[in-house]
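Below is one structure, written out as structure tokens; the observations come after it.
Each chain gets a letter, A, B and so on, in the order the sequences are listed, and its residues count up from 1.
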There are 2 protein chains.
Amino acid sequence: MDFQQNIKIAVDAIVFGYADNRLNVLLIKQKFGTLKNQWALVGGFVKDNETLINAVNRELVEEAGIKVNFLEQLYTFGDDIERDPRFRVVSVAYFALVNSSKLNLKADSDAEEAKWFSIKELPMLAFDHESILKMALNRLQSKLTYQPIGFDLLPKEFLFSELENLYCTILEKEIDRRNFRKKILSFGIVEETDKYGNNIKGRPAKLYKFNKLKYNKLIKEGILFEINFA
Amino acid sequence: MDFQQNIKIAVDAIVFGYADNRLNVLLIKQKFGTLKNQWALVGGFVKDNETLINAVNRELVEEAGIKVNFLEQLYTFGDDIERDPRFRVVSVAYFALVNSSKLNLKADSDAEEAKWFSIKELPMLAFDHESILKMALNRLQSKLTYQPIGFDLLPKEFLFSELENLYCTILEKEIDRRNFRKKILSFGIVEETDKYGNNIKGRPAKLYKFNKLKYNKLIKEGILFEINFA
DNA sequence: ACAAAAGTGTTAATCTTACACCCATGT
DNA sequence: ACATGGGTGTAAGATTAACACTTTTGT
């Protein structure tokens, strides 16, 4: 069974970061090559002896010098045969989150510029990257309500108000502070620390942290985490 | 930018069917070649000028002569580099449902045998197909609770008890008949017909049908369909 | 004393669960 | 008349939604 197939496999990563009440996405601009001066998602071709997940992580390091907190497969785009004008490409897209401490990108390389963009102010994107991004955003929004991935966008210790704002911002809706706090605390996966944040105005606010171990234990017990509120 | 990449792209389909209170999966046994005498999922390599979705549909016709009611991407398996002993393969797996009228497969070709297996009595499977199947089963179970895909496993007109049994069987739990019926009917997407099923015992049972148009309308309005019950 | 954000409880409404009897048919 | 599966309602309990005042700090 020997046959020829001329399809290339690539990986792309949609990396979200959150800071100052804004959801950001990581984009790359190549200074040379086919994509010269176009903003695009982090990504590239998979090497013969490399797993898909390793390929994504490698591209994330090479193109942005970043390690992510959360990474999962999003979707494989292979139904647009002329997606890439050079040759047929099937791209496996990954969905990634980084916490806000990683929003400072390493100095740009000679070949590429990496930058965070607010999802409210996106530039034109290469290929079908805009639709990939939209899909990732949907995934983020829906996942936020049944898996505690919001914590992967925040620093290890955070204010309750930051968590609350994150939900408001990403889901684009108002939430009731009291009900939100009650719900989150009822799962028992968020713990008070004895430290305080350095908010400059108002009453000092306690820092909280996410207890991942406890969360994993609860998941094993089949408890389900769901956040729906008005 | 010219480079060599020696990775093949394949598609695989996990096709579920439901009949006689059993969930079945479609498997193929090749009579020749590398997979000789091993049961495997429907699948094969993608042609250069073929979309992924077309590739799956083609394989479904070629290997089992079947058209499915529901088809969506499941996951792309590309992290096991030695998955296929012949060469590096990345496989895009699809999740498919057929209704019970399609459980009769066309006569086997000379090259292949296609057969339905109860998921309770599976043979040994080729490659990593067992883990792919497990993933598909999880998808089916979780999807059943928030998307009305159960109807794609039933004939156009069905008894309420069939729908109920389908949920019991696939989710592997007991459900309360009264609460189930109330919940399903409350969405307004299942309608009574004026026909009756031909059940041989007991009181004659009405046939019902799924109103897909209404469902689509509700989805657009943002109503969410969720079935959780004790 | 006031501005700013943090922290906290109660009640009404809704949804979910648990549960058992009558109905229509074939034998 | 009985066996079989179809069809239905209600009440208790749990969850969610709506809503506003007090606390702690800096200025």
Item to check | A/Phe16/A/Tyr18 aromatic ring centres below 6.0 Å | outcome: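 Ring centroids of A/Phe16 and A/Tyr18 are no less than 6.0 Å from each other.
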Checklist entry - Do any N or O atoms from the side chain of A/Asp20 and from the backbone of A/Arg22 form a donor-acceptor pair under 3.5 angstrom? => result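 Judged by distance alone, no pair lies under 3.5 Å.
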In this structure, how many angstroms lie between the [atom2] atom of [N] and the [atom1] atom of [X], rounded?
| X | N | atom1 | atom2 | result |
| --- | --- | --- | --- | --- |
| A/Phe160 | D/dT24 | CZ | P | 19 Å |
| A/Leu207 | C/dA6 | CG | P | 12 Å |
| A/Asp176 | C/dT11 | CG | C1' | 14 Å |
| A/Asn228 | C/dT14 | CG | P | 17 Å |
| A/Asn198 | D/dG26 | CG | P | 12 Å |
| A/Tyr196 | D/dT24 | OH | P | 10 Å |
| A/Lys183 | C/dT8 | NZ | C1' | 18 Å |
| B/Asn199 | D/dT4 | CG | P | 14 Å |

For [X], report the nucleic acid contact type (base, sugar-phosphate, nothing); a contact means any heavy atom under 4.0 Å.
| X | result |
| --- | --- |
| A/Leu159 | nothing |
| B/Lys182 | base |
| A/Lys206 | sugar-phosphate |

Checklist entry - In terms of heavy-atom contacts, does CD of B/Glu226 have more than 12 from other residues, nucleotides or ligands at under 6.0 Å? => result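 Yes, because the 6.0 Å sphere around CD of B/Glu226 holds more than 12 heavy atoms from other groups.
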Next on the checklist: Below 30° counts as parallel, above 60° as perpendicular, anything between as tilted: where do the rings of A/Phe160 and A/Tyr208 land?
Outcome noted: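 The rings of A/Phe160 and A/Tyr208 stand perpendicular, inter-plane angle above 60°.
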Checklist entry - Is the phosphate of C/dA6, meaning OP1 or OP2, less than 4.0 Å from a side-chain N or O of A/Ser161? => result yes
Next on the checklist: At less than 4.0 Å, is any side-chain N or O atom of B/Arg203 found next to OP1 or OP2 of D/dT4? Yes or no.
Outcome noted: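 So the side chain of B/Arg203 is outside the cut-off, no N or O lying under 4.0 Å from OP1 or OP2 of D/dT4.
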Item to check | Separation between CZ of B/Phe151 and OH of B/Tyr215, rounded to the nearest 0.5 Å | outcome: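 Output value for this atom pair is 10.0 Å.
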Checklist entry - In terms of side-chain heavy atoms of A/Arg177, which of D/dT23, D/dA20, D/dG5 is nearest? => result D/dA20
Checklist entry - If you pin A/Arg178 and B/Asn179 to their nearest nucleotides in DNA chain D, which one's is more 5'? => result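 Its nucleotide being nearer the 5' end, the pick is B/Asn179.
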